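What you see is a predicted model, and the numbers here were worked out from it, not measured in a lab. Below, all heavy atoms of this structure are taken into account, side chains as well, without hydrogens, waters or symmetry copies.
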Amino acid sequence: MATTYDGLPISRTPPFGASIVVSCFIDGHRRYLLLHRAHEGPNYEGDWAWTPPAGSRFPGESVDACAARELAEETGLSGVLRAIPDSDHDWALFALDLEIQPEIRLDQEHDRYEWVSLADARLRCRPDAIVNGLNLVASTHL
């Protein structure tokens, strides 16, 4: 059975997990929340270093519950999540659109976070699958 990095079981059926693109307005501009994964150390900037909140779905867990759980675990946030239609049925995509900058409470999986412009998020996030998700959510803001 497939497991998460910390040994928890992952659903055998898609979607295998969810990403939640969180945005808010800071000084009149929409900013996107990126989390830096702590696994490779604070200076790591390669694939999966910077991502929106995301995580694997447990066996029997609904994808909506997975998204809400991962968001709460990784950031301390909750709210009304908006499902984003996506051609990738293996991983679900959600958005959380906020009016003001919330307080973020990081879990031990991440060592820092930043609120960045869409252009900066596109530069930092790798691989392209992450950028594609950011672009899909951003296109719903226009």
Side-chain angles (χ1 to χ4, degrees), residues 1-26 28-42 44-142:
M1 174 179 272
T3 62
T4 61
Y5 80 96
D6 53 356
L8 298 174
I10 296 173
S11 173
R12 291 182 182 193
T13 59
F16 300 107
S19 295
I20 308 92
V21 176
V22 180
S23 70
C24 72
F25 286 96
I26 300 173
H29 300 280
R30 186 175 298 276
R31 296 293 184 238
Y32 295 85
L33 177 64
L34 295 183
L35 308 178
H36 186 266
R37 293 181 186 223
H39 307 313
E40 301 287 336
Y44 182 67
E45 294 296 327
D47 283 359
W48 305 105
W50 289 98
T51 68
S56 298
R57 186 169 70 88
F58 297 142
E61 183 180 40
S62 74
V63 72
D64 295 330
C66 167
R69 176 183 52 76
E70 286 292 341
L71 181 65
E73 286 176 2
E74 294 187 355
T75 68
L77 297 176
S78 63
V80 177
L81 300 181
R82 186 166 50 91
I84 304 296
D86 188 358
S87 61
D88 182 0
H89 72 279
D90 287 343
W91 200 263
L93 182 61
F94 291 84
L96 177 61
D97 304 319
L98 303 170
E99 292 298 316
I100 59 171
Q101 183 177 355
E103 180 181 334
I104 302 298
R105 205 176 56 245
L106 289 179
D107 63 352
Q108 63 190 19
E109 186 179 342
H110 301 92
D111 55 20
R112 65 186 183 278
Y113 69 91
E114 291 187 29
W115 292 98
V116 301
S117 68
L118 180 59
D120 193 26
R122 287 174 173 151
L123 291 173
R124 288 189 189 190
C125 292
R126 288 177 285 202
D128 288 341
I130 300 171
V131 176
N132 294 342
L134 287 165
N135 288 335
L136 276 172
V137 171
S139 72
T140 70
H141 293 141
L142 303 177

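For Ala121 against Leu34, the heavy-atom pair with the smallest separation is CA-CD1, 3.9 Å. Minimum interatomic distance between Ile26 and Gln101 (heavy atoms only, all atoms of both residues): CD1-OE1, 3.5 Å. Smallest separation of non-hydrogen atoms from Val63 and Ala92: CG2-CB, 3.3 Å. Between Val131 and Arg122, the shortest heavy-atom contact is CG2-O, 3.7 Å. In terms of heavy atoms, Ala67 sits closest to Ala18 at CB-CB, 3.9 Å. The heavy-atom pair separating Val137 from Phe94 by the smallest distance is CG2-O, 4.2 Å.
Rounding to the nearest 0.5 Å gives a distance of 7.5 Å between CG of Asp47 and CD1 of Ile130. To the nearest 0.5 Å, the span separating OG on Ser56 from CZ on Phe16 amounts to 10.0 Å. For the atom pair CZ of Arg31 and CG of Leu118, the computed distance is 10.0 Å after rounding to the nearest 0.5 Å. Rounding to the nearest 0.5 angstrom, the gap separating the CZ atom in Arg105 from the NE2 atom in His110 is 14.0 Å.
Residue pairs that meet the salt bridge (charged side-chain N to carboxylate O under 4.0 Å, His left out) test with at least one member in residues 91-104, sequence neighbours left out, are Arg82-Asp97.
At least one donor-acceptor pair closer than 3.5 Å links the side chain of His36 to the backbone N or O of Tyr44. Between the side chain of Arg57 and the backbone N or O of Ala65, no donor-acceptor pair lies under 3.5 Å.
For the pair Arg124 and Tyr32, the NZ or CZ position fails the cation-pi test of under 6.0 Å to the six-membered ring centre and within 45 degrees of the ring normal.
Counting heavy-atom neighbours within 6.0 Å of Arg30 CZ, excluding the residue itself, gives a total above 12.
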message = For a side chain to side chain contact (heavy atoms under 4.5 Å, CB included) check, start with the C-alpha distance between Leu123 and Trp50, then their side-chain angles and the critical distance, and finish with the verdict.
response = CA-CA 10 Å; Leu123 291 173; Trp50 289 98; over 6 Å; no

task = Check step by step if side chain to side chain contact (heavy atoms under 4.5 Å, CB included) holds for His39 and Trp48.
result = CA-CA 10 Å; His39 307 313; Trp48 305 105; over 6 Å; no

Using a 3.5 Å cut-off and no angle test, enumerate the donor-acceptor pairs between side-chain atoms of residues 74-81 and protein atoms at least two apart in sequence or in another chain.
residue: Glu74; atom: OE1; partner: Ala54; partner atom: N; Å: 3.1
residue: Thr75; atom: OG1; partner: Leu71; partner atom: O; Å: 2.6
residue: Thr75; atom: OG1; partner: Leu77; partner atom: N; Å: 3.1

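The closest side-chain heavy-atom distance from Arg112 to Pro42 is below 4.5 Å. Two residues are said to be in side-chain contact when any heavy atoms from C-beta on lie closer than 4.5 Å; Ile104 and Pro102 meet this criterion. Counting only heavy atoms from C-beta outward, the side chains of Leu35 and Pro53 approach each other to under 4.5 Å. Inter-residue side-chain proximity for Ser19 and Thr51 is flagged as unmet; no heavy-atom pair is nearer than 4.5 Å.
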